[in-house]
Every structure is written in structure tokens, then in C-alpha cells.
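Residue numbers start at 1 and run along the sequence shown.
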Amino acid sequence: MKDYYEMLNVSRDADEKTIRKAYYGLAKIYHPDVSNLPDAEERFKAINEAYSVLIDPAKRAAYNAGTYNPWQQEYQSGSSGGDGAYYYTYTYTTSSYPGGSSVYYKTFGLAPLVAIILSFLVPGAGQLYKGHFLKALLFVFGIAICFSVASGIITILLAIGLYIVLWIINMGDVIFTPMDSKRNPFIAGILSLIPGLGQFYTVQAGKGIVLLLFTAFFFVLSTIIPFIGIFVLVMLSIYSIYDAWQAAQQLNTAW
């Protein structure tokens, strides 16, 4: 019998909230509408199978007791199939899907668009979102070098030209390269020293933008009211580090 807990990267005593969070995190990486990984579809089917069992108290109890038989389960919707060792549902069931609707998954299709928009605005940000940390670092470093050496009109024009070239390469790279399925918790934590960057790295763009905006606001406030501003900035950083670390670990599920 497959280890559903290992597949979702949760402990055997995990509560419902933890299981849901694990499922959402993995779906952001392996949903076929988002991922270009060759085994994304099979992985997502397995994730869906594990979630449908562990989120249902009766099925989970039977699974823990070693008496669970997926072939005897009746689903409210969706077709199913398997090859003996593997069993999965192709579509979501109203009983196993949180909220009873599959509409939520349509939002995952925005992930590639998010990466493109981020790269359009800040070269390297899209690579960070897709998990390509070293590429992101190289693009940011290259652009910084371009403008750090610009002093005269000629060097400024050369810097702008090189920036345009890097920007085009950056956009091509983020459009045509697949999203990495793993995230390094240590890198996520280091990036989160600037609240929000770790969230971009762990595929949480919305949360990352909010944290960056809060960071900018309280940074300005710290110049007026140092005690409050600095205190909140420290709290934001601690939260960002913890959140990104946890998200990175969740995405590195064992198979």
C-alpha cells in the first residue's frame, strides 16, 4: 500500500488544516495546467488520491487500520482508473475537494502568466518564482553591473543596450523553461530577510507582493517613528522566513 502521508509530506497525526495546506501547496507545482514536468499529471493524480483519502475521516481510519480498499469506494463524480498498484481519479469529487468545486484549480493556470509579468517588470523575478534561483541571481547581477559602470553618454547607451538584450533573454527563458518542482528551504529563508522575496520563490506571488508593500511602508515609517517601524519590519521578516521555509519544505514532498 502506498504511503499517502509521505506523498503529501505530512505526519500521521496531521490535522485537516495541515493536510489541506499540503494539498494546495503541491497542486500549485504539479497541476497539469501549470507544470511542464513530464510526470506532473501522474503525480497530481497521486496527490489527489492521497488527499481524497486522508481528508475523509472514514477512509483515513480504514487506511490507518490497513483495511482501506479504493476499489470499493463510491465517488460522487469523476471517472477513475488504475493499474493495480496505482489508483486515481481523473476529476475532482465533491466529497474530496475542499469547498465542493473544482473552480479553484482554474487559478493555477495564471502561474505562467505571473512569472512572465514579474520578469517583464523586474528581470530575474520570474526565474525566482519558477524556482531558478541561480538564474535570477545572474540576471540581477548582470543588470546591476550594466548600470554601475555607466558614467558617460557612450557607456550609458551601451548599458541600456545590454539591459535590453538581458531583458529579452530573461523573457525568453522564463517563457520557455519549466517550473522547478523543488524549493530549497535555506534559500527561501535567506530571501525572506527581505519580506516577500521568499514567498515569490515558494510560488506565493500574491502574498509576496503584500509583504513587499508592507515592508516598503514600514521602512518609510521607520524614518519617522523608528521604534514602531523597525519592530514591525523585524516581525515581518520573522514571519516571512518561517512561512517561506515551511512552504519550501511542503513543496519538497517525498516520492
Which pair of heavy atoms, one from Asp15 and one from Thr18, lies closest together, and at what distance?
OD1-OG1, 2.6 Å
Quick one: CD1 on Ile241 to CG on Leu193, what's the gap to the nearest 0.5 Å?
4.5 Å
Checking the side chain of Ser119 only, and the main-chain atoms of Gly126 only, is there a donor and an acceptor separated by less than 3.5 Å?
yes
Tell me whether Ile160 is reachable from Leu162 by hopping between hydrophobic residues (I, L, V, M, F, W, Y) whose side-chain heavy atoms are closer than 4.5 Å.
yes
Quick check against the 3.5 Å criterion: does Ser237 have a side-chain atom that pairs as donor or acceptor with the backbone of Leu233?
no
Rounded to the nearest 0.5 Å, what separates atom CG in Leu221 from atom CD1 in Ile230?
10.0 Å
May I ask you to check whether Trp245 and Phe186 place their ring centres under 6.0 Å from each other?
no
In sequence, state the C-alpha distance, the side-chain angles, and the governing distance for Met235 and Phe231, and then conclude on side-chain contact (heavy atoms from CB on, under 4.5 Å).
CA-CA 6 Å; Met235 292 298 101; Phe231 174 78; 3.9 Å; yes
If we ignore hydrogens and angles and just use 3.5 Å, is the side chain of Lys130 paired with the main-chain N or O of Val174 as donor and acceptor?
yes
Asn170 and Phe120, any side-chain heavy atoms less than 4.5 Å apart
no
Is it true that Leu166 and Ile117 fall in one hydrophobic cluster, defined by side-chain heavy atoms closer than 4.5 Å?
yes
Ignoring hydrogens and angles, write down the donor-acceptor pairs under 3.5 Å from the side chains of residues 200-210, residues two or more places apart or on other chains.
residue	atom	partner	partner atom	Å
Tyr201	OH	Asn184	N	3.0
Thr202	OG1	Gly198	O	2.9
Thr202	OG1	Gln199	O	3.4
Thr202	OG1	Gln204	NE2	2.8
Gln204	OE1	Lys207	NZ	3.2
Gln204	NE2	Asp243	OD2	3.2
Lys207	NZ	Asp243	OD1	3.0

Once the angle between the rings of Tyr51 and Tyr23 is folded into 0 to 90°, is it parallel (under 30°), tilted (30 to 60°) or perpendicular (over 60°)?
parallel
Is there a side-chain hydrogen bond (donor to acceptor under 3.5 Å, both in side chains) between Tyr5 and Asp13? Walk through the geometry before answering.
CA-CA 9 Å; Tyr5 294 100; Asp13 60 350; over 6 Å; no
Beyond-backbone contact of Ile194 with Leu212, side-chain heavy atoms, under 4.5 angstrom:
yes
Under 4.5 Å between side-chain heavy atoms, hopping through other hydrophobics if needed: is there a path connecting Val220 to Phe217?
no
Has Trp167 got a side-chain atom pairing as donor or acceptor with Pro123's backbone, closer than 3.5 angstrom?
no
Using only atom types and a distance under 3.5 Å, with no angle test, would you say the side chain of Ser192 pairs donor to acceptor with the backbone of Ser240?
yes
So, Tyr4 versus Arg12: side-chain donor-acceptor pair below 3.5 Å or not?
no
More than 12 heavy atoms of other groups within 6.0 Å of Phe214 CZ
no
Non-neighbouring partners of Lys135 that pass salt bridge (charged side-chain N to carboxylate O under 4.0 Å, His left out), sequence neighbours left out:
Asp173
For the residue pair Tyr63 and Asp56, confirm or rule out a side-chain donor-acceptor distance under 3.5 Å.
no
When clusters are formed by joining ILVMFWY residues with side-chain heavy atoms under 4.5 Å apart, either directly or through shared neighbours, do Ile143 and Ile156 land in the same one?
yes
Without swapping roles, check the side chain of Ser52 against the backbone of Glu49 for a donor-acceptor pair under 3.5 Å.
yes
Any side-chain heavy atom of Ile238 within less than 4.5 Å of one from Tyr242?
no
Residues at least two apart in sequence or cross-chain that pass side chain to side chain contact (heavy atoms under 4.5 Å, CB included) with Leu137, listed by chain then number, are Phe133
Test side-chain contact (heavy atoms from CB on, under 4.5 Å) applied to Val122 and Val140, step by step
CA-CA 8 Å; Val122 182; Val140 173; 5.6 Å; no
Taking the side chain as everything from C-beta on, heavy atoms only, tell me whether Ile168 gets closer than 4.5 Å to Ile164.
yes
Of all the heavy-atom pairs spanning Leu54 and Arg60, show the shortest one and how long it is.
O-CD, 3.3 Å
So does Pro185 get a backbone contact from the side chain of Gln246, meaning a donor-acceptor N/O pair under 3.5 Å?
no
Quick one: does Asn9's side chain have a donor or acceptor within less than 3.5 Å of a partner on Gln249's backbone?
yes
Nearest 0.5 Å, please: how far is CG in Leu134 from CD in Gln127?
11.5 Å
Is it true that Leu26 and Val53 fall in one hydrophobic cluster, defined by side-chain heavy atoms closer than 4.5 Å?
yes
